[in-house]
Amino acid sequence: MTQKIDFSILKHLTQLPGISGRETAVSDYLKKLLTPFADTVRTDALGNLIFTKKGTSNKNLLLCAHMDEVGLMIHFVDKDGFLRFVTVGGIDPRTLLAQRVWVQTASGPLLGIIGTKPAHITTEAERSKAVALKDLFIDLGLPAQEVKERVQPGDFAVLDRSYEEFGDGLISAKALDNRAGVFVLAEVLRQLKNPFYNVYAVFTVQEEVGVRGATTAAFGIEADFCLCLDTTGAADIPGVCPQDVLVRVGAGVGISALDARTITPKPLFDALLNLCKEKQISYQVRIATRGGNDAGAVHLSKTGVPSCALSLPTRNIHSNVEVCAKRDIESMIHLVVLCAMQAIIY
Ligand SMILES: [Zn+2]
């Protein structure tokens, strides 16, 4: 890498609230940060934030990264002022117990504690069952009347957790899925000077609820090919047999051959692998029969767009202690910059 990467931007990105459909805090920050590095910027009707940077050819490269994170939406305030919620995106209820959240209200964020009936008043049979969403509530610590005045059904809540660097170059934070991919795309846009391709850098909305933003964004762009920058679940943890690990944290950028929604075309897949080998970028092949990402929507847009998902291996994905490696992020930035700077294919 020629440039030193400033991870304080990623730290800031992870701390912004932005569940699916409520990404404005993230897009406002990115608009300010990146407008000086782009030729044009616009926001479409769904909220996708789209930057362009002119290239030296007439070919178009679409780069996308989703801004949204999984989270909660309040749907009911009970008579005592406790909040009930639904999940937005896939969250395992077991990871919500005893967590803190920030409820985003019209009068500002309120700290809430997720509670459930305590062990000393539950039966053994109740304790032996996995916790269900219906058993959980958010406690704002406020009188019921004040809660009713300040919280509306439809307000959203984000998981609370600080950004920490730890271990051997690892990061743990909430919302690394996908602020880490957003950070990569932001860095790429900041670094690119006179790219070969006309670059469309698209920060998409509503990926976690069914790749909705990417569907409309891709429709409006004549892309010759696309790279989607996202995280992917890494199961390099105890109790998992080797064939189920899929990708390892710190072992390089994941290059998808196949996931539940996309098969990367062979010419694009080979070109990405060759570039990694030639430039000595750490990579690993990702083959995941479950899970999809924005590439699933983009490759089926119009008459078809050759697409590949590049993935950052992430432990504890969709929790508030997601774990990524800084070196994988750096590898992805390096690879994507190279892809934009030269005619790799198409
Ligand atoms: Zn994601």
Side-chain angles (χ1 to χ4, degrees), residues 10 13-23 25-27 30 46-49 62-72 87-92 95 156 158-159 161 163 171-188 201-215 217-218 226-235 246-247 249 253-256 258-262 264 284 286-299 307-325 328-329 332-333 336:
L10 175 57
L13 281 165
T14 63
Q15 297 306 297
L16 294 171
I19 69 162
S20 311
R22 300 288 184 271
E23 301 90 348
V26 184
S27 68
L30 291 169
L46 281 200
N48 297 302
L49 178 64
L62 169 55
L63 300 173
C64 58
H66 73 86
M67 294 185 283
D68 56 315
E69 67 187 282
V70 295
L72 313 175
T87 55
V88 179
I91 300 184
D92 181 344
T95 66
F156 73 94
V158 290
L159 303 173
R161 192 55 68 100
Y163 169 104
I171 298 165
S172 182
K174 79 161 184 78
L176 283 172
D177 179 8
N178 181 38
R179 304 295 155 67
V182 163
F183 174 64
V184 169
L185 185 48
E187 273 303 303
V188 168
V202 181
F203 296 92
T204 62
V205 295
Q206 299 191 42
E207 189 271 352
E208 297 290 0
V209 289
V211 295
R212 296 173 191 171
T215 304
C226 170
L227 300 174
C228 292
L229 318 179
D230 204 341
T231 52
T232 189
L246 303 182
V247 287
V249 170
V253 51
I255 299 179
S256 300
L258 172 151
D259 63 30
R261 300 185 65 143
T262 319
T264 302
Q284 46 195 321
R286 169 180 177 260
I287 297 171
T289 53
R290 293 174 67 181
N293 46 61
D294 280 345
V298 174
H299 85 292
S307 301
C308 181
L310 301 180
S311 304
L312 295 165
T314 304
R315 285 185 202 135
N316 315 319
I317 199 159
H318 289 192
S319 79
N320 63 352
V321 286
E322 294 177 332
V323 171
C324 284
D328 293 340
I329 292 172
M332 192 192 275
I333 294 168
V336 177

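Counting starts at 1 for both ligands and their atoms, following the listed order.
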Looking at Asp177, pick out the N, O or S atom nearest to the Zn ion (ligand 1) and give its name.
OD1
Looking at Asp230, the N/O/S atom that lies nearest to the Zn ion (ligand 1) is called OD1
Under 3.5 Å, is there a donor-acceptor pair linking the side chains of Ser256 and Arg286?
yes
Sequence neighbours excluded - salt bridge (charged side-chain N to carboxylate O under 4.0 Å, His left out) pairs with any residue from residues 307-323:
Asp236-Arg315
Atom of His66 closest to the Zn ion (ligand 1), considering N, O or S atoms
NE2
Scan for salt bridge (charged side-chain N to carboxylate O under 4.0 Å, His left out) pairs involving residues 289-298, sequence neighbours excluded, and state none if there are none.
none
Nearest heavy-atom contact between Ser307 and Thr262 is O-CG2, 4.2 Å
